[in-house]
There are 2 protein chains.
Amino acid sequence: MKKDISTEEKILTAAGQIFKSKGYAGARMQEIADKAGINKAMLHYYFRSKKMLFDKIFKEILSSFHQNIVKILNDDINWEKKIIVLTERFFLFVSKNKDIPIFIFNELHKNPEFFQKQLLRFETIRNSSFFKELKTEMEKGNIVKTDPLQVLIHIFSGMIFPVIAEPIISSIGDFNNDGFESFMYQRKEIIPKIIIEYLKNNGEK
Amino acid sequence: MKKDISTEEKILTAAGQIFKSKGYAGARMQEIADKAGINKAMLHYYFRSKKMLFDKIFKEILSSFHQNIVKILNDDINWEKKIIVLTERFFLFVSKNKDIPIFIFNELHKNPEFFQKQLLRFETIRNSSFFKELKTEMEKGNIVKTDPLQVLIHIFSGMIFPVIAEPIISSIGDFNNDGFESFMYQRKEIIPKIIIEYLKNNGEK
DNA sequence: TCATAGTTTAACCTGTTAGTTTAACCACAT
DNA sequence: ATGTGGTTAAACTAACAGGTTAAACTATGA
């Protein structure tokens, strides 16, 4: 109890980096220990097993990702502005955390049952003010009737997918680093425009 | 020389399945051997090492993915119809090969230098009739000026991302299997509509 | 000073993994 | 039958993984 948390903290930081870049199966306890600057036995002293250490980290990442989304979805601005802000925020988030999305999706793909154990309260997303406002506008006939989740996934996929697929996109576009960044910057402008135009295109056709 | 290729073929099929579902680090040579119905030593007899076996399979998957795209991009139909067809085809492809995209992106993420070795000719995508026609229409002022690659990535992300993120989307939407499928079916209709509307929305604003 | 709880270390243990070797096997030509 | 080349299964090996142990160290309070 007297010890400052630095050792535990160092382990979590190091383990987070290793797991995110190599995945569960590719990560080595020794490598995590080395990166944390401690002995391998310490990992087991603090977290008992590789699985437990991983679960703790994965749970934290998943939960912060979830909270992040919910917070934005409940911002007190109108739906149109919120689509723009959502895109902007996701752009910032994935730019700073490029390896988190692929890490989450990959581990979830290999271990789908992990999700049931998590009990993340996803109804907070369905019940967010963003979803509610969209539904209200749809009922009023102001915007196209569609599943609000489709709208959210437009934003997710529009901004998260390119980061996951960066090596391929950069190859197709023959980009260097700057090229890809400006591609993403363009995207940040286009995505909300596309979605909003689509939703507003009601009376036509 | 007398032997038919069935053994090699069986190995490749089995290894493909295991690698795709577990990734390189998670795959076990013994498991591949079992699935192929042969002895572990045979894997080494035919492919020398795990790395070589993996490289061969990864190369094949990447290449077939690439060829698949190029073929569709050069279909002899106009751009508008092509967006619809592209979306449809990607929908079918990812539905039948749900674990290929995440596998490719994940392994590429862990081993980015693999790409340089591949020398896939991505200019065939930039030079496809789809890209050319979009550029022509943009110059004529018939559609909004934008990078054709952005349009392609709209389709990719719109259809591929949801498959990668299926567990999360199903949780948010509280879907069972059918629920997710009908979500994707809706999506297949929405995505081309959104893109085409956006491109045609030229004079306004 | 001594006792104690918490922390750290090095050495060790055990199971698993990729990769190797050996010997048996089988069809077939001589 | 016998030898031969290609093919297979099984046992083996060395390295490495995760995990354990026991002893040493450190700070603190009695």
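In what follows, chains carry the letters A, B, and so on, assigned in the order in which the sequence lines appear, proteins first and then strands, with residues in each chain numbered from 1.
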Between dA10(D), dT20(D), dT8(D), which nucleotide gets closest to the side-chain atoms of His44(A)?
dT20(D)
Looking just at side-chain N and O atoms, do Gln30(B) and Asp34(B) make a donor-acceptor pair shorter than 3.5 Å?
yes
For the side chain of Lys50(A), counting heavy atoms from C-beta on, which of dT8(D), dG19(D), dA10(C) is nearest?
dG19(D)
NA contact type, Met42(A), heavy-atom cut-off 4.0 Å: base, sugar-phosphate, or nothing?
base
Contact nearer the 5' end of DNA chain D, comparing Tyr45(B) with Arg28(A):
Tyr45(B)
When all nucleic acid strands are considered with a 4.0 Å heavy-atom cut-off, which category describes Ala33(B): base, sugar-phosphate, or nothing?
nothing
Side chain of Tyr46(A), heavy atoms from C-beta onward: which of dT7(C), dG19(D), dA10(D) has the nearest atom to it?
dT7(C)
Establish whether the base of dG19(D) is bridged to the side chain of Lys40(A) by a donor-acceptor pair shorter than 3.5 Å.
yes
Would you indicate whether Lys135(A), at its atom NZ, is surrounded by more than 12 heavy atoms from other residues, nucleotides or ligands within a distance under 6.0 Å?
yes
Let me have the donor-acceptor pairs involving side chains of residues 65-74 of chain B, under 3.5 Å, with sequence neighbours excluded, atom names and distances please.
residue, atom, partner, partner atom, Å
His66(B), NE2, Arg121(B), O, 3.3
His66(B), NE2, Thr124(B), OG1, 3.4
Gln67(B), NE2, Ser63(B), OG, 3.2
Asn74(B), OD1, Ser129(B), N, 2.8
Asn74(B), ND2, Val70(B), O, 3.2

Glu133(A) bridged to Lys82(A) by N-O distance under 4.0 Å
no
Between P of dG18(D) and CE of Met52(A), the distance in whole Å
16 Å
Looking at every strand, decide which applies to Ala27(B) at a 4.0 Å heavy-atom threshold: base, sugar-phosphate, or nothing.
sugar-phosphate
